[in-house]
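Worksheet: the structure to be examined is printed underneath.
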Amino acid sequence: MDLGIRGKRALVCASSKGLGLGCAEALAEAGVDLVINARGAEALEDAAEALRNRHGVGVTAVAADITTEAGRAAVLAAAGEVDILVTNAGGPPPGLWSDWSRDDFIAALDANMLTPIALMQALLPGMMERGWGRVVNITSQSVRAPIPQLGLSNSARAGLTGFVAGTARQVAGHGVTINNLLPGIHDTDRGRSLDTAAAAREGIDPAEARRRREASLPVGRYGTAAEFGATCAFLCSVHAGFIVGQNIMPDGGVNNLTM
Ligand code: NAP
């Protein structure tokens, strides 16, 4: 399917690896020029070079911490006008409800709620003026099915979801859609670090933690960044203009929700 977005320009945050890279790759495959970002410059440059070579699109790489004001300013300055925004950042660490201080909550809110909101506030006006835009926020299945040990993530992402629910309806009339993608477990560094934490809690090795988790999924395996990226690219396509303010959950069927 032609996604109809060849020649558009996208900012994909936190995208040298994992789900962000999956989104960047699928958008590049659709002919979208990219601004990609991560803190570590080396992996970011490698990703940019690979994307250019594989897809022949323009790729600007900005090494910066997207959760800081200075980092966002650098990324936005390099990005200029963009048609497509994919927000993403690392997830907060797991723990116990009693572990977390006010500072821990502020850091989680900054990374996973206030950063995507600031990026939308910066880029939505241009999209609305031009009459077309797409925003996809990478959140988590924990929004709809909160995970006990991910209290920081549950809290921050719930706040972002509330913001998007209202804002998506306020901008839709200008040809701009905002949707959230809520990953279940995927085969990325983050997925592997969740296995390591589960293994430590249960006194087993990470491979066994993964085997048990895979067995608990209706599909019997973890999701891939390529599958996730293809879903993101579809939401950014011309075909998805009627999908507004949705929370779409690629989770291998694990959450049996009817709403
Ligand atoms: P990942 O494999 O650890 O990759 C994270 C990417 O984001 C890397 O490129 C990393 O590069 C970059 N990054 C992290 N923090 C950043 C920051 N502050 N500023 C700029 N770039 C940053 O993670 P993932 O699995 O793709 O997960 C992406 C998001 O989905 C996370 O918020 C995660 O919590 C959420 N999620 C993932 C899963 C899963 O199973 N994978 C499930 C539910 C939710 P640098 O480290 O060099 O900055």
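Remember, it's 1-based here, ligands and their atoms both numbered in the order they're listed.
- A donor atom on one side chain and an acceptor atom on the other are found under 3.5 Å apart for Asn255 and Gln141.
- With distances taken over non-hydrogen atoms, the option nearest atom 25 (O) of ligand 1 out of Thr188, Val75, Thr139 is Thr188.
- Between the side chain of Asp187 and the backbone N or O of Ala225 there is no donor-acceptor pair closer than 3.5 Å.
- Here the side chains of Leu51 and Glu25 are in contact, with some heavy-atom distance below 4.5 Å.
- With respect to Arg192 and Asp195, no salt bridge is recorded, no charged nitrogen being found less than 4.0 Å from a carboxylate O.
- Here is the list of ligand 1 atoms found below 4.0 Å of a heavy atom in Gly18: 2 (O), 26 (O).
- Heavy-atom contacts of Asp189 reach the following atoms of ligand 1: 2 (O), 3 (O) (cutoff under 4.0 Å).
- If you check which protein heavy atom lies closest to atom 39 (C) of ligand 1, you get His186 N, 3.6 Å.
- When each atom of ligand 1 is checked for a heavy atom of Ala64 under 4.0 Å away, the hits are 19 (N), 20 (C).
- Residue contacts with ligand 1 leave out Gly22, since none of its heavy atoms falls under 4.0 Å from the ligand.
- Heavy-atom separations between Arg157 and ligand 1 include at least one value shorter than 4.0 Å.
- Polar contact with ligand 1: present for Ile66 (N/O pair, distance under 3.5 Å).
- At a 4.0 Å heavy-atom cut-off, ligand 1 touches Ala38 through backbone and side chain alike.
- Between Glu202 and Arg213, none of the side-chain N atoms (NZ, or NE/NH1/NH2) sits under 4.0 Å from a carboxylate O, so this pair counts as no salt bridge.
- Residue contacts with ligand 1: Ser140 is placed with no nitrogen or oxygen under 3.5 Å of a nitrogen or oxygen of the ligand (distance criterion only).
- The single protein non-hydrogen atom nearest to atom 16 (C) of ligand 1 is Arg39 NE, 3.5 Å, given as residue, atom name and distance.
- Between the CD atom of Glu214 and the CZ atom of Arg221 there is a distance of 9.5 Å, given to the nearest 0.5 Å.
- Under a 4.0 Å criterion applied to the non-hydrogen atoms of Ile185, ligand 1 contributes the atoms 40 (O).
- For ligand 1, the polar-atom distance check finds an N/O of Gly90 within less than 3.5 Å of one of the ligand's N/O atoms.
- Between Asn180 and Val143, every side-chain heavy-atom pair lies at or beyond the 4.5 Å cut-off.
- Annotation for ligand 1: atoms under 4.0 Å from non-hydrogen atoms of Gly91 are 31 (C), 32 (O), 34 (O).
- Checked for salt-bridge contact, Glu49 and Arg52 meet the test: a charged N lies under 4.0 Å from a carboxylate O.
- At a heavy-atom distance under 4.0 Å, no atom of Arg213 approaches ligand 1.
- Backbone and side-chain nitrogen or oxygen atoms of Gln141 are examined, and none is located within less than 3.5 angstrom of a nitrogen or oxygen of ligand 1.
- With respect to atom 47 (O) of ligand 1, the closest heavy atom belonging to the protein is Gly40 N, 2.9 Å.
- Contacts with ligand 1 closer than 4.0 Å are made by no heavy atom of Ser142, backbone or side chain.
- Of all the heavy atoms of Ile138, the ones lying under 4.0 Å from any atom of ligand 1 belong exclusively to the side chain.
- Proximity of Asn88 to ligand 1, defined as any heavy-atom pair under 4.0 Å, is confined to the side chain (atoms from C-beta onward).
- Below 3.5 Å of separation, one finds an N or O of Leu19 facing an N or O of ligand 1.
- For the pair Ser15 (side chain) and Asn37 (backbone), a donor-acceptor distance under 3.5 Å is present.
- Not a single heavy atom of Thr115 sits less than 4.0 Å from an atom of ligand 1.
- At the top of the distance list for atom 18 (N) of ligand 1, counting protein heavy atoms only, stands Asp65 OD1, 2.8 Å.
- No salt bridge links Arg72 with Glu69; every basic N to acidic carboxylate O contact stays at or beyond 4.0 Å.
- Closest protein heavy atom to atom 3 (O) of ligand 1: Arg190 N, 3.5 Å.
- Judged purely by atom type and a 3.5 angstrom limit, Asp104 uses its side chain to pair as donor or acceptor with the backbone of Ser101.
- No side-chain donor from either of Thr67 and Asp110 sits under 3.5 Å from a side-chain acceptor of the other.
- Scanning the protein heavy atoms around atom 9 (O) of ligand 1, the nearest turns out to be Ser16 OG, 2.7 Å.
- At the top of the distance list for atom 42 (C) of ligand 1, counting protein heavy atoms only, stands Gly184 O, 3.3 Å.
- Distances below 4.0 Å separate heavy atoms of Ala89 from the following atoms of ligand 1: 29 (C), 31 (C), 32 (O).
- Not one N or O of Gly20 is nearer than 3.5 Å to an N or O of ligand 1, by distance alone.
- Placement of Val59 and Leu21 within a single hydrophobic cluster is found when ILVMFWY residues are connected by side-chain heavy-atom separations under 4.5 Å, directly or transitively.
- The backbone N or O of Val57 sits nowhere less than 3.5 Å from a side-chain atom of Asp33 that would complete a donor-acceptor pair.
- In terms of modelled atom types and a separation under 3.5 Å, the side chain of Asn112 and the main chain of Gly90 share a donor-acceptor contact.
- Annotation for ligand 1: atoms under 4.0 Å from non-hydrogen atoms of Asn37 are 20 (C), 21 (N).
- Among all protein heavy atoms, the one lying closest to atom 22 (C) of ligand 1 is Ala14 CB, 3.6 Å.
- In this structure, Pro183 counts as a contact residue of ligand 1, since one of its heavy atoms falls inside 4.0 Å of the ligand.
- Side chain of Asn179 to backbone of Ile243: a donor-acceptor contact under 3.5 angstrom is found.
- Grouping the Ile, Leu, Val, Met, Phe, Trp and Tyr side chains by contacts below 4.5 angstrom, directly or via other members, places Met127 with Ile178.
- In this structure, Ile66 is a member of the same hydrophobic cluster as Val62, with clusters built from ILVMFWY side-chain heavy atoms closer than 4.5 Å.
- Within a 4.0 Å radius of atom 5 (C) of ligand 1, the protein contributes no heavy atom.
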